[in-house]
Amino acid sequence: MAGQSDRGLAMTSAGNALPGADHSSDSYIPDHGNGGYRVLHYDLDLDVRVESNRLAGKAVITARALQRLSRFSLDLGRFRIEQVRVDGQPAKFDHRWGKLRIKPERSIGYGATFKIEIRYAGKPVPISGRWGEIGWDELTDGVIVASQPNGAPSWFPCNDRPDDKATFLVAVTAASPYTVLVTGDLVARRPRAGTSTWVYERNEPTSPYLMSVQIGRYAMVELGAGQRAAVPARLRQTLRHDFGRHDQIMTALQRLFGPYPFREYVVVIADDDLDDPVEAQGMAVFGRNHLDGLRTHERLVAHELAHQWFGNSLTVADWRHIWLNEGFATYAEWLWSAVSGGKSADTHAAEWHAWLRDQPAFLVVANPGVGRMFDPAVYKRGALTLHALRARIGEESFFALLRSWVAEHRYRTVTTEQFREHARRFAAEPLDDLFTAWLDHPALPALPRTGW
């Protein structure tokens with residue numbers, strides 16, 4: 001049903017497809033995302049009752065039509081829709097199976113900027129699917145939002161595709177004992193009788209899945225310039241040890257990849273156990289189980305921070321390119337290990353190459369398939385691809401390549417094809433054989449040895 005709705009978006013009022021109309025959605029998650037328009041800005045005003053997990057929201061979405069639109073759709077979870085307006089006028093709507101289909105009073109012309117106002121309420125629940133429960137979720141005492149790859153509609157109406165980046169203004173009202181953290185810069189906090197409203201602004205273009213809300217009883221700890229952590233008060237000292245080298249990690253990654261792309265970086269330690277940490281724009285969320293006083297999980301600290309460059313500032317245009325996120329963040333783990341006196345990148349590469357050699361060779365890194373997009377082989381073989389590239393073109397050219405890749409595509413979306421083209425500029429000889437072997441075929445190539 002969602003596919004039918006998406007196709008309907010690419011029609012004129014008369015039902016004829018326009019030349020050049022945007023029909024696309026993500027190749028791996030085609031039931032999320034919508035064609036026919038691009039979102040420019042989200043203005044979200046949310047009232048959250050933490051104890052009962054109730055949310056009342058008003059979303060004002062500014063969008064631009066990429067074709068003439070007689071109707072369009074947004075992604076939104078199981079909420080009660082109270083009102084929909086388009087450019088101030090009431091609009092007809094239908095809300096089923098995660099799609100909010102809207103028919104404005106008048107068709108929207110090609111190139112026109114228009115505003116959608118949606119009032120909605122209900123009990124937010126995560127999006128269920130092949131990756132488990134994704135999106136808005138209840139903690140024992142608070143809220144966690146981890147939306148990768150398709151959880152954004154669990155808490156706000158959106159065009160849920162990674163390539164539709166927009167700016168955000170998010171206001172969240174919650175009971176005053178709770179700290180509210182949103183991916184963005186805090187611009188206001190307004191206390192009232194028993195509640196506080198926290199207002200965050202995200203001026204850098206951001207994919208919906210990278211927006212996050214964290215609510216809990218947190219103490220704030222400084223980690224370095226522009227770096228802070230929200231942590232349960234009883235875990236402050238453990239955090240100070242386990243994240244004690246965070247500022248050094250930040251300095252190292254900036255030297256390797258270029259300036260940190262956002263104003264601030266916030267680490268949240270949820271007061272529940274989490275299987276894995278997860279990144280959002282300018283934020284990473286860990287579970288209390290990731291603190292043990294031994295820095296056991298420091299590689300994950302480096303991994304999540306690296307995503308601010310690879311995944312958040314540079315975001316995949318389609319989920320089939322996920323190695324551009326995870327392979328790069330995994331290689332950052334190896335680089336930090338070498339910088340900090342741990343195992344060398346060569347040692348990590350040799351160990352993971354041996355591990356991959358013992359696994360069935362079935363995965364194509366450049367297009368692993370939706371069922372394998374989070375397979376460890378994507379992470380490790382993606383990192384090995386970078387190690388092989390570094391060996392081929394040399395140390396100086398490799399890091400110049402990474403810094404220019406980050407700088408030239410800042411706040412944009414990227415593809416594997418773009419990275420291949422970019423890399424060729426830094427090589428004295430063709431790279432087609434290297435990328436074909438490592439990215440396009442499942443057979444594991446031989447590992448280059450570099451002495452790093």
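A quick note: this is a predicted structure, and the numbers were derived from the prediction, not measured.
With no hydrogens or angles considered, a side-chain donor-acceptor pair links Ser404 and His422 at under 3.5 Å. Side-chain contact check for Asp346 and His387: at least one donor-acceptor pair (N or O, by modelled atom type) lies under 3.5 Å. Side-chain contact of Asp318 with Ser27: a donor-acceptor pair under 3.5 Å is present, judged by distance alone. Inspection of the Thr415 and His321 side chains reveals no N or O donor paired with an N or O acceptor under 3.5 Å. If you check the side chains of Asp160 and Asn150, you find no donor sitting under 3.5 Å from an acceptor. Trp336 and Gln248 share no side-chain donor-acceptor pair at under 3.5 Å. With 3.5 Å as the limit, one finds no donor-acceptor pair spanning the side chains of Ser397 and Glu395. Judged by distance alone, the side chains of Glu326 and His303 do bring a donor and an acceptor atom under 3.5 Å apart. With 3.5 Å as the limit, one finds a donor-acceptor pair spanning the side chains of Arg390 and Tyr331. Side chains of Asn34 and Ser73: a donor on one and an acceptor on the other come within 3.5 Å.
A pairwise comparison of heavy atoms in Pro126 and Ser154 identifies CA-CB, 4.1 Å as the closest pair. The two atoms that bring Pro368 and Arg320 nearest to each other are CD-O, 3.7 Å, heavy atoms only. Asn312 approaches Ala280 most closely through the heavy-atom pair ND2-O, 2.8 Å. Looking at every heavy atom in both residues, Ser207 comes nearest to Thr315 through OG-CG2, 3.4 Å. The shortest heavy-atom contact between Trp355 and Pro376 is CH2-CB, 4.0 Å. Nearest approach of Glu264 to Arg228, heavy atoms of both residues: OE2-NE, 2.5 Å.
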Next item on the list: Report the C-alpha separation of Phe426 and Trp405 in whole Å, then their side-chain angles, then the decisive distance to 0.1 Å, and conclude whether the ring pair (Phe, Tyr, Trp, His ring centres under 6.0 Å) test is met.
Entry: CA-CA 11 Å; Phe426 295 82; Trp405 172 245; over 10 Å; no
Item checked: Stepwise salt bridge (charged side-chain N to carboxylate O under 4.0 Å, His left out) check, Asp185 with Arg263 -> CA-CA 8 Å; Asp185 303 316; Arg263 286 182 56 188; 3.7 Å; yes
Next item on the list: For side chain to side chain donor-acceptor pair (under 3.5 Å), just list the numbers for Asn53 and Trp136, CA-CA rounded to whole Å, side-chain angles, deciding distance to a tenth of an Å, and then say yes or no.
Entry: CA-CA 10 Å; Asn53 190 37; Trp136 184 289; 3.0 Å; yes
Next item on the list: Give the intermediate values and the outcome of side-chain contact (heavy atoms from CB on, under 4.5 Å) for residues Leu181 and Ile215.
Entry: CA-CA 6 Å; Leu181 299 128; Ile215 305 175; over 6 Å; no
Next item on the list: Under the side-chain contact (heavy atoms from CB on, under 4.5 Å) rule, what do Glu298 and Ile249 come out as? Steps first, then yes or no, please.
Entry: CA-CA 10 Å; Glu298 191 176 68; Ile249 300 173; 4.1 Å; yes
Notebook entry, point to check: Can you list the steps and then say if Met373 with Val378 is a side-chain contact (heavy atoms from CB on, under 4.5 Å)?
Noted result: CA-CA 7 Å; Met373 60 187 281; Val378 174; 6.0 Å; no
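A salt bridge does not link Glu408 to Arg410: none of the charged nitrogens lies less than 4.0 Å from a carboxylate oxygen. Salt-bridge check for Lys115 with Asp87: failed, with every basic side-chain N at 4.0 Å or more from each acidic carboxylate O. A salt bridge links Asp271 to Arg288: one of the charged nitrogens lies within less than 4.0 Å of a carboxylate oxygen. Asp432 has a carboxylate O that lies under 4.0 Å from a charged side-chain N of Arg424, or vice versa, which qualifies the two as a salt bridge. A salt bridge links Asp164 with Arg38; the closest basic N to acidic carboxylate O contact falls under 4.0 Å.
The side-chain contact (heavy atoms from CB on, under 4.5 Å) test applied to Asp43 returns His41, Val60, Leu169, not counting sequence neighbours. By the salt bridge (Lys or Arg N to Asp or Glu O under 4.0 Å) test, Glu222 is found to be paired with no residue, residues two or more places apart in sequence or in another chain being considered. Taking Tyr379 as the reference, nothing meets the ring pair (Phe, Tyr, Trp, His ring centres under 6.0 Å) condition, with sequence neighbours excluded.
The only member of Leu305, Val266, Asp247 that meets side chain to side chain contact (heavy atoms under 4.5 Å, CB included) when paired with Gln227 is Asp247. If you run ring-ring contact (aromatic ring centres under 6.0 Å, His included) between Phe328 and each of Phe257, Trp334, Phe419, only Phe419 comes through.
Crowding of Asp275 atom CG: a count of heavy atoms from other residues, nucleotides or ligands under 6.0 Å not exceeding 12.
At least one cation-pi condition fails for Arg119 and Phe79: the charged atom is not both under 6.0 angstrom from the six-membered ring centre and inside a 45 degree cone around its axis.
Counting heavy atoms from C-beta outward, Leu439 and Val364 have side chains that stay 4.5 Å or more apart. At least one side-chain heavy atom of Phe362 sits under 4.5 Å from a side-chain heavy atom of Asp375. For the pair Val172/Val182, a side-chain contact is recorded, criterion being any heavy-atom separation below 4.5 Å from C-beta on. Contact check for Leu44 versus Met211: no side-chain heavy atoms found under the 4.5 Å cut-off. Contact of the Val406 side chain with the Phe310 side chain is registered, since non-hydrogen atoms from C-beta on lie closer than 4.5 Å. For the pair Pro448 and Arg392, the minimum side-chain heavy-atom distance is 4.5 Å or more. Ile61 is listed as a side-chain neighbour of Leu74, based on a closest heavy-atom distance under 4.5 Å. Side-chain contact between Leu363 and Arg381 is absent, with no heavy-atom pair separated by less than 4.5 Å.
Looking at Glu304, its side chain never comes within 3.5 Å of a backbone N or O of Val285 through a donor-acceptor pair. Remark: the backbone N or O of Gly287 is paired with a side-chain donor or acceptor of His290 at under 3.5 angstrom. Without hydrogens or angle criteria, Asp75 side chain to His32 main chain gives no donor-acceptor distance under 3.5 Å.
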